[in-house]
Amino acid sequence: MKKKDDTRFFNVVESADGTATILLYGDMGEGDAVDSGRVVTELMQVAGRYKHIDVRINSRGGDVFAGMAIYNALRQADGDITIYVDGMAASIAAVVALCGKPLMMSPYARLMLHQVSGGGYGGAEWLRSVADQIERIETDLAAMLSKRLGTTPEDVKARYFDGRDHWLTATEAVDMGMADGIYDMPEATDLSQNTDDEIYTYFNNRLHGAINQEEMALIDDIKALPTFEDKADASAVVAHIKELESQSAQAEALRQANQQYKNRIAELESKEVDAYLNKAVADGKLTAEQLPSMKKLMEADRETATQLIDSMKPQKRQTRAADVFNEGTAAVMENKTWDQLDHDNQLAMLKAQNPTLFAQKYKEKFGVEYNA
């Protein structure tokens, strides 16, 4: 079975019928709503995945170089691509719209062409170089547009790069051969008397309205959950989500604190058991060999183990030959060096009978503390 492709795009709306829609809504430029780097990358990726690509424009223009990058990517892209101007394609956005692909416009759409504008701060030579660059860009744009308009670059410059803004309606663009047709809008809204800015704003709001409808559908799905069913609107849903997050954080903090208390209690109980058992050994009730098994019994049933040990009678410690021997040799070993003790095979005896003296001899020999 083919693995589902989970790739997500910023400017792309995907549909189940094999069509991808690339939205060029907003200003063009690096970091703007229509970022050329992102748009070109997305175009390259969706071109091989979808049978048809719709490019929808509502833009006042922006950075010339960003627009030229999008223009060239669209011209070179293979596949079935159609350009739609929904509201406005002005300045460099109009050049993108006229990239050579089929162009459809809404009944109220506008195209606007004008000469390149720019500026800067510097000396006379630098400003002259800026002017030269603007003229070179205009020459390139005129050559690009002339292919679509069926005329010469010189005619384009003379007609559209004369210092004025040239606004064209959808009907005018179709009559002049710039656009291929006018598409029908589903609603009966009449925008014929609206200004260019009003048309631009209308289509932006129309897009955002569609997005909001998707968000409301998600809110409805969330409200179907039992804990959200009494939430009246999106703000109430969001507030309840934040409340649940807060409760979750508090519960986690309480769980961690509770675990820390449990660990501390277990640590104190372990130390208490060790002290109790060590005293039992010192009192002669237990031997050192019995400690491990008696500690397991304490862990399993502390009350029973305590009663058992308390019922035991202290046993008188039997004097061992080793003890008598050690008493006679303790003073001797204290006066010996580490090497002498090692030579006489007494290091192990010293460690067992007098750990403090053993550690002292160790430090004298090696210059560091002994770590048992």
Side-chain angles (χ1 to χ4, degrees), residues 225-230 239-372:
L225 300 174
T227 187
F228 290 93
E229 59 186 4
D230 62 338
H240 189 51
I241 291 174
K242 291 181 179 179
E243 180 184 355
L244 292 176
E245 289 179 342
S246 177
Q247 293 175 359
S248 176
Q250 293 177 20
E252 176 62 18
L254 289 174
R255 186 195 67 77
Q256 293 184 9
N258 185 46
Q259 187 61 47
Q260 291 175 359
Y261 287 135
K262 287 182 177 179
N263 294 341
R264 181 59 177 161
I265 290 172
E267 180 183 353
L268 293 174
E269 288 180 346
S270 178
K271 289 182 178 179
E272 185 179 347
V273 168
D274 288 342
Y276 177 78
L277 293 176
N278 289 334
K279 186 176 185 302
V281 173
D283 291 343
K285 295 182 177 182
L286 298 174
T287 64
E289 291 76 13
Q290 293 174 314
L291 276 178
S293 58
M294 190 57 67
K295 186 168 185 178
K296 289 182 179 179
L297 180 59
M298 289 282 286
E299 292 173 352
D301 189 347
R302 182 171 178 177
E303 182 178 358
T304 301
T306 301
Q307 291 176 355
L308 175 62
I309 295 173
D310 289 345
S311 67
M312 294 178 178
K313 293 182 179 180
Q315 300 295 318
K316 185 177 180 181
R317 187 171 181 268
Q318 299 295 324
T319 302
R320 299 179 299 169
D323 294 337
V324 176
F325 175 78
N326 288 341
E327 289 174 2
T329 59
V332 175
M333 287 192 292
E334 185 175 358
N335 295 323
K336 287 184 178 182
T337 65
W338 177 277
D339 292 336
Q340 290 171 334
L341 292 168
D342 186 25
H343 181 269
D344 296 338
N345 294 320
Q346 293 179 323
L347 287 175
M349 183 186 301
L350 177 61
K351 180 179 179 182
Q353 299 300 324
N354 195 337
T356 302
L357 182 59
F358 177 86
Q360 178 184 331
K361 296 291 184 182
Y362 182 91
K363 184 175 182 180
E364 291 174 356
K365 170 65 177 176
F366 298 106
V368 295
E369 298 290 343
Y370 175 72
N371 187 11

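Of the residues listed (Met312, Gln290, Met294), the one engaging Lys285 in a side-chain contact (heavy atoms from CB on, under 4.5 Å) is Met312, and it is the only one.
With sequence neighbours left out, Tyr362 forms a side-chain hydrogen bond (donor to acceptor under 3.5 Å, both in side chains) with no residue at all. In this structure, the salt bridge (charged side-chain N to carboxylate O under 4.0 Å, His left out) partners of Asp274, at least two apart in sequence or on a different chain, are Lys295. In this structure, Lys262 has no salt bridge (charged side-chain N to carboxylate O under 4.0 Å, His left out) partners at least two apart in sequence or on a different chain. For the ring pair (Phe, Tyr, Trp, His ring centres under 6.0 Å) test, residues two or more places apart in sequence or in another chain that qualify with Phe358 are Trp338, Tyr370. For Asp283, the salt bridge (charged side-chain N to carboxylate O under 4.0 Å, His left out) test picks out Lys279, with sequence neighbours left out. Considering only residues two or more places apart in sequence or on other chains, Glu272 meets the salt bridge (charged side-chain N to carboxylate O under 4.0 Å, His left out) condition with Arg302.
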Side chain to side chain contact (heavy atoms under 4.5 Å, CB included) between Leu297 and Thr304, worked out = CA-CA 8 Å; Leu297 180 59; Thr304 301; 5.7 Å; no
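In this structure, Leu341 and Leu350 approach most closely via the heavy-atom pair CD1-CD2, 3.5 Å. Shortest non-hydrogen contact noted between Gln346 and Met333 is OE1-CG, 3.7 Å.
Distance check: Leu308 CG to Met298 CE gives 10.5 Å after rounding to the nearest 0.5 Å. The CG atom of Leu286 lies 6.5 Å from the CG atom of Leu277; values are rounded to the nearest 0.5 Å. Interatomic distance, Asp342 CG to Leu347 CG, rounded to the nearest 0.5 Å: 5.0 Å. With values rounded to the nearest 0.5 angstrom, Asp344 atom CG is found 3.5 Å from Lys336 atom NZ.
Look at Arg264 and Glu267 and you find a salt bridge, because one of the NZ, NE, NH1 or NH2 atoms lies within 4.0 Å of a carboxylate O, short of that distance.
With Asn263 contributing its side chain and Gln259 its backbone, the two residues share a donor-acceptor pair below 3.5 Å.
Between Asp301 and Glu303 there is a side-chain heavy-atom pair separated by less than 4.5 Å.
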